[in-house]
Amino acid sequence: MQPDLSAEIELSPAFHDLDPMDIVWHGNYVKYLELARCALLAKFDYDYAQMRDSGYAWPIVDMRLKYVKTTGFGQRIRIRAEIVEWENRLKIEYLITDVLTSKKINKAYTIQVAVDMQSREMLYLCPDVLWRKLGVERT
């Protein structure tokens with residue numbers, strides 16, 4: 001049985017996250033994804049400090065966001081992050097929804113690759129430590 005590779009957070013955008021149109025500025029969604037990604041990685045005891053301590057950096061090499069609806073000040077939103085790939089890269093998909101209506105606000109994904117911190121070489125297979133932390137087996 002595969003473990004649950006997802007996590008959710010909820011937040012309300014702060015006033016300083018708004019643009020002159022009184023909606024959340026598009027660039028702040030990247031910050032919201034980061035908060036959900038940190039919660040997800042912490043769930044597996046492999047957040048940024050543990051990544052560093054294991055000898056790997058995990059830079060984001062690709063990101064895509066699809067904006068469906070706007071978000072306003074004080075609106076409760078839910079950000080769901082789920083790991084969908086972990087063999088050659090770490091791909092996390094995100095879904096941002098309105099807490100009250102469950103309507104989709106944003107869909108996104110990020111792709112991270114493992115980089116050996118000593119050699120600065122990018123790895124073409126994710127290191128064993130990621131597999132162990134996620135509780136998945138190599139196929």
Side-chain angles (χ1 to χ4, degrees):
M1 184 170 125
Q2 183 169 317
D4 178 14
L5 300 177
S6 67
E8 291 184 352
I9 63 167
E10 289 187 11
L11 60 86
S12 293
F15 178 75
H16 63 263
D17 284 351
L18 305 183
D19 67 14
M21 305 296 200
D22 289 329
I23 58 175
V24 171
W25 176 64
H26 69 278
N28 282 319
Y29 287 90
V30 175
K31 175 175 60 176
Y32 303 158
L33 300 182
E34 172 69 12
L35 292 170
R37 183 173 47 252
C38 286
L40 175 62
L41 295 172
K43 176 180 173 179
F44 296 100
D45 195 34
Y46 200 55
D47 61 16
Y48 294 117
Q50 284 85 14
M51 287 177 171
R52 181 195 58 232
D53 293 347
S54 72
Y56 300 99
W58 290 84
I60 291 178
V61 296
D62 192 9
M63 178 185 293
R64 183 177 193 286
L65 292 91
K66 172 71 173 167
Y67 300 91
V68 179
K69 290 191 175 299
T70 60
T71 305
F73 174 71
Q75 181 179 355
R76 293 288 307 159
I77 60 174
R78 178 177 295 117
I79 302 100
R80 182 177 195 279
E82 181 178 8
I83 298 170
V84 296
E85 292 180 32
W86 58 84
E87 198 166 319
N88 302 93
R89 61 191 187 166
L90 183 58
K91 182 176 183 183
I92 301 174
E93 291 182 348
Y94 307 85
L95 180 62
I96 301 177
T97 55
D98 180 278
V99 169
L100 295 177
T101 66
S102 298
K103 290 191 177 188
K104 185 188 310 181
I105 295 171
N106 185 301
K107 260 183 92 164
Y109 70 78
T110 56
I111 295 174
Q112 295 169 255
V113 295
V115 173
D116 183 296
M117 290 182 65
Q118 283 192 328
S119 69
R120 300 285 189 203
E121 293 289 324
M122 183 178 78
L123 305 179
Y124 293 100
L125 291 175
C126 289
D128 290 338
V129 64
L130 177 66
W131 291 72
R132 281 193 311 276
K133 294 286 189 174
L134 296 181
V136 295
E137 295 183 21
R138 288 205 183 268
T139 54

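Side-chain contact between Leu33 and Ile96: present, with at least one pair of heavy atoms (C-beta onward) separated by less than 4.5 Å. A 4.5 Å side-chain heavy-atom check between Asp17 and Phe73 finds every atom pair outside the cut-off. Using a 4.5 Å heavy-atom cutoff, the side chains of Tyr48 and Cys38 are in contact. At least one side-chain heavy atom of Pro3 sits less than 4.5 Å from a side-chain heavy atom of Val136.
Residues meeting the side chain to side chain contact (heavy atoms under 4.5 Å, CB included) test with Ser6, sequence neighbours left out: Asp4, Arg80, Glu82. Take Asp128 and apply the salt bridge (Lys or Arg N to Asp or Glu O under 4.0 Å) test, not counting sequence neighbours, and it matches Arg138. Scanning for salt bridge (Lys or Arg N to Asp or Glu O under 4.0 Å) contacts around Lys91 gives an empty result, with sequence neighbours left out. With sequence neighbours left out, Arg78 forms a salt bridge (Lys or Arg N to Asp or Glu O under 4.0 Å) with Glu8, Glu10.
Note that CD1 of Ile83 and CD1 of Ile92 are 5.0 Å apart. Values are rounded to the nearest 0.5 Å. Expressed to the nearest 0.5 Å, how far CG of Leu130 lies from CG of Leu125 amounts to 11.5 Å. In this structure, OH on Tyr94 lies 4.0 Å from CZ on Arg37, to the nearest 0.5 angstrom. Here the straight-line distance linking atom CG of Leu90 with atom OG1 of Thr110 works out to 7.0 Å at 0.5 Å rounding. To the nearest 0.5 angstrom, Arg89 atom CZ is 15.0 Å from Leu123 atom CG. To the nearest 0.5 Å, atom CD of residue Gln75 and atom CD1 of residue Ile23 are 11.0 Å apart.
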>> Is there a side-chain contact (heavy atoms from CB on, under 4.5 Å) between Tyr46 and Ser54? Walk through the geometry before answering.
In response: CA-CA 9 Å; Tyr46 200 55; Ser54 72; 2.9 Å; yes

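When hydrophobic clusters are built by joining Ile, Leu, Val, Met, Phe, Trp and Tyr residues whose side-chain heavy atoms come closer than 4.5 Å, directly or via intermediates, Val129 is grouped together with Leu40. Using a 4.5 Å cut-off between side-chain heavy atoms of Ile, Leu, Val, Met, Phe, Trp and Tyr, with links allowed through other members, Val61 and Val30 fall into different hydrophobic clusters. Under the 4.5 Å side-chain heavy-atom criterion for Ile, Leu, Val, Met, Phe, Trp and Tyr, Val113 and Trp58 are members of distinct hydrophobic clusters. Note: the hydrophobic cluster containing Met117 does not contain Val115 (ILVMFWY, side chain heavy atoms under 4.5 Å, direct or indirect links). No chain of hydrophobic side-chain contacts below 4.5 Å, direct or via other Ile, Leu, Val, Met, Phe, Trp or Tyr residues, connects Ile79 to Ile111.
Shown here is Gln118, whose CD atom has no more than 12 heavy atoms of other residues, nucleotides or ligands within 6.0 Å.
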Below 3.5 Å, can you tabulate the donor-acceptor pairs from side chains in residues 63-71 to any protein atom, sequence neighbours excluded?
residue : atom : partner : partner atom : Å
Tyr67   : OH   : His26   : O            : 3.0
Thr71   : OG1  : Tyr29   : OH           : 2.7

Sequence neighbours excluded and cut-off under 3.5 Å, please list the side-chain donor-acceptor pairs for residues 101-109, or say none.
residue : atom : partner : partner atom : Å
Thr101  : OG1  : Asp98   : OD1          : 3.3
Thr101  : OG1  : Lys103  : N            : 3.2

